[in-house]
Visitor: 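Right, I'll just put the structure down here and ask away after.
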Amino acid sequence: MRALNCLVAASLLVASLQTATAKDSEHWVVSWTGAVQGPYPVGNPSAQPEQKFAFPEPAAGARDQTFRLIVRPDIWGRQARIRLSNAFGTKPVTFDGVYVGLQSGSAALIRGSNIPVTFAGTASVTVSPGNSVWSDAIALPFAKRPDDLAGRRLAVSFHVAGQSGPMTWHAKALTTSYVSAPGAGAKGALEDEASFPYATASWFFLDAIEMTAPADAFAIMAFGDSITDGTASTMNGEDRWPNVLSRRLKAVYGNKVAVVNGGIGGNQIAGPAEYGPDKPYAGGPASGQRLERDVLSLSGISSLIWLEGINDFSKNGNFTADQVIAAMKDGVARLRAKWPQARIIGATVVSALGSTSAAHGFPEQDDKRKALNAFIRSSGTFDGVIDFDRATLDPASGGLKPEFVPESTTGGAGDKLHPNRTGYLAMGQAIDLELFKPGKISRSAKQ
């Protein structure tokens, strides 16, 4: 009997050591992002339902109501943490009744999956204007085998106590989320959909989720404007070019790679010079103004793909090619200063020649685009180049290939600026996966 007891004790010790070793070998990896802008309703949403019933007074924001935001983590782990942002608010916002659970359908959750979230050990947190807060680590009992959750959607629910004032948001989610009625109170603990009558095609306050993952897991940041954000792709279809890249990489690396989306519709590299709740701009803050929050503050990123510039050349920007190139070089230098081992990959800008958008489509703008692409291809500024222009260009017209024009979101004619699902598929397929082969994986400062 004594020998048996010793054997059991030894087995338990080995199991404990194995568990500790596995835990020690894991690190945080960003799994989802929704780059923030604001305040609501300044932005460029797609397929947005009427919001006046959920938010009768936009300047007043949310009032004693609960959000149930639907996101698709690109890597799963046994623990998660979420970041809530009040970056573009003008008053403190108190969040309580915060939960994460697995979506069943609509605003309904898989029974028994809803897990409470704390912040520094408490069930509520107040976030001052201009700031954000990470939650405590959240144990996910439904993620015993993280690989099995690939493609599943997470519902992040939280209650805004009182009145939020101007809301920090991400306009173009291309994903349906849900909101309770004003004054409805804290409903996040509920797993049914009855308390969430209103739909939204945007994300509010939530801007990042990280997961624990094996030591060799890594993330890739897709950084840019509406063509990264996914304008004209399929609503709830997860068929933006970063999604296509993710699926290709997962066929190689499985649940050890995440591609996260740092696109904002209308975003620019060189402007606007100032941005904030008192000086909002539909395209969000200039890329350089958001590098710290949207890239450098996140964990486990090994590479960044930068696709941007078309809005700088539009009538909304009117920047020269030299101004955009200088701003891009400055951004790359800032990234390298804090992120010396990461790969920074330049992506050529796709054509908007002949666009039906009043701000785009002119020959002089296309000349600027070509000059920027020449810099991206040949300057040596980047660790690699992805030639999206080559993958999408119709040589006969100088614009997008005709089959890439009709939009996929509503079935409209398309604007000859944003590729549709077919175009995004071609873009995602045109990327050389060797660019992301492990070997220079960086760990961001926050571990």
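Here the structure is a predicted model, which means the values were calculated and not measured.
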Visitor: Measure the spacing between CG of L149 and CD1 of I75 and express it to the nearest 0.5 Å.
Guide: 12.0 Å
Visitor: What distance separates W134 CH2 from S297 OG, expressed to the nearest 0.5 Å?
Guide: 7.0 Å
Visitor: Strictly by modelled atom types, are S357 and D415 linked by a side-chain donor-acceptor pair under 3.5 Å?
Guide: no
Visitor: Is it the case that D229 and H170 place a side-chain donor and acceptor less than 3.5 Å from each other?
Guide: yes
Visitor: Charged N to carboxylate O below 4.0 Å: is that the case for R336 and D383?
Guide: yes
Visitor: Is the shortest side-chain heavy-atom distance between V93 and V160 below 4.5 Å?
Guide: yes
Visitor: Are the side chains of R68 and V156 in contact, using a 4.5 Å heavy-atom criterion?
Guide: no
Visitor: Quick check: closest heavy atoms across I70 and A155, and the distance to 0.1 Å?
Guide: CD1-CB, 3.8 Å
Visitor: What are the two closest heavy atoms between G284 and P272, and how far apart are they?
Guide: O-CD, 3.8 Å
Visitor: Looking just at side-chain N and O atoms, do D239 and T234 make a donor-acceptor pair shorter than 3.5 Å?
Guide: yes
Visitor: Is it true that R293 and S132 share a donor-acceptor pair across their side chains at a distance under 3.5 Å?
Guide: no
Visitor: Relative to each other, are the rings of W306 and F223 parallel, tilted or perpendicular (30° and 60° limits)?
Guide: perpendicular
Visitor: Just say parallel, tilted or perpendicular for the rings of F55 and F67, cut-offs at 30° and 60°.
Guide: parallel
Visitor: Does a donor on one side chain sit under 3.5 Å from an acceptor on the other, for S106 and E193?
Guide: yes
Visitor: May I ask you to check whether over 12 heavy atoms, not counting those of E50, lie within 6.0 Å of atom CD?
Guide: yes
Visitor: Mind checking whether R72 and W32 have side chains closer than 4.5 Å, heavy atoms only?
Guide: no
Visitor: Going by heavy atoms in the side chains, are M427 and I227 under 4.5 Å from each other?
Guide: yes
Visitor: Testing the basics here: between Q103 and I110, what is the closest heavy-atom pair and its distance to 0.1 Å?
Guide: O-CG1, 3.9 Å
Visitor: Are K368 and D312 ion-paired here, with the side-chain N under 4.0 Å from a carboxylate O?
Guide: no
Visitor: What I want to check is whether the side chains of T212 and R78 have a donor and an acceptor closer together than 3.5 Å.
Guide: no
Visitor: Are D64 and H159 linked by a side-chain donor-acceptor pair shorter than 3.5 Å?
Guide: yes
Visitor: State, without any angle test, whether S314 and Q365 hold a side-chain donor-acceptor pair at a distance under 3.5 Å.
Guide: no
Visitor: Under 3.5 Å, is there a donor-acceptor pair linking the side chains of Y281 and Q268?
Guide: yes
Visitor: Taking the basic N atoms (NZ, or NE/NH1/NH2) and the acidic carboxylate oxygens, is any pair closer than 4.0 Å for E292 and K338?
Guide: yes
Visitor: Between S85 and D207, is a side-chain hydrogen bond (donor to acceptor under 3.5 Å, both in side chains) present by the stated rule, with each step listed?
Guide: CA-CA 7 Å; S85 176; D207 80 327; 4.6 Å; no
Visitor: What distance do M211 atom CE and D74 atom CG have between them, rounded to the nearest 0.5 Å?
Guide: 10.5 Å
Visitor: Quiz question: by atom type and distance under 3.5 Å, do the side chains of T94 and T126 form a donor-acceptor pair?
Guide: yes
Visitor: Please test S180 against K187 for side-chain hydrogen bond (donor to acceptor under 3.5 Å, both in side chains), starting from the C-alpha separation and ending with a verdict.
Guide: CA-CA 8 Å; S180 72; K187 302 295 182 182; over 6 Å; no
Visitor: Assess whether a salt bridge exists between R240 and E238, defined as any Lys/Arg side-chain N lying under 4.0 Å from an Asp/Glu carboxylate O.
Guide: yes
Visitor: Can you check side-chain hydrogen bond (donor to acceptor under 3.5 Å, both in side chains) on S246 and N243, steps first, answer last?
Guide: CA-CA 5 Å; S246 171; N243 301 124; over 6 Å; no
Visitor: Do Y99 and L109 have side chains that approach each other closer than 4.5 Å (heavy atoms only, starting at C-beta)?
Guide: no
Visitor: Within a strict 4.5 Å, meaning less than it, do heavy atoms of the F95 and F205 side chains meet?
Guide: yes
Visitor: If you compare all heavy atoms of S135 against all heavy atoms of V117, which two are closest, and at what distance to 0.1 Å?
Guide: CB-CG1, 3.5 Å
Visitor: Using the six-membered ring of W76, assess whether NZ or CZ of R152 lies under 6.0 Å from its centre and within 45 degrees of the ring axis.
Guide: no
Visitor: Report the distance from atom OG of S177 to atom CZ of R153, rounding to the nearest 0.5 Å.
Guide: 9.0 Å
Visitor: Please test K416 against T356 for side-chain hydrogen bond (donor to acceptor under 3.5 Å, both in side chains), starting from the C-alpha separation and ending with a verdict.
Guide: CA-CA 7 Å; K416 299 183 181 180; T356 57; over 6 Å; no
Visitor: Is there side-chain contact between E308 and D225, with heavy atoms separated by less than 4.5 Å?
Guide: yes
Visitor: Grab the two heavy atoms, one from A171 and one from P45, that are nearest each other, plus how far apart they are.
Guide: O-CB, 3.5 Å
Visitor: Determine the minimum heavy-atom distance between D147 and N255, stating which atoms define it.
Guide: OD1-CB, 3.2 Å
Visitor: Do S299 and V29 have side chains that approach each other closer than 4.5 Å (heavy atoms only, starting at C-beta)?
Guide: no
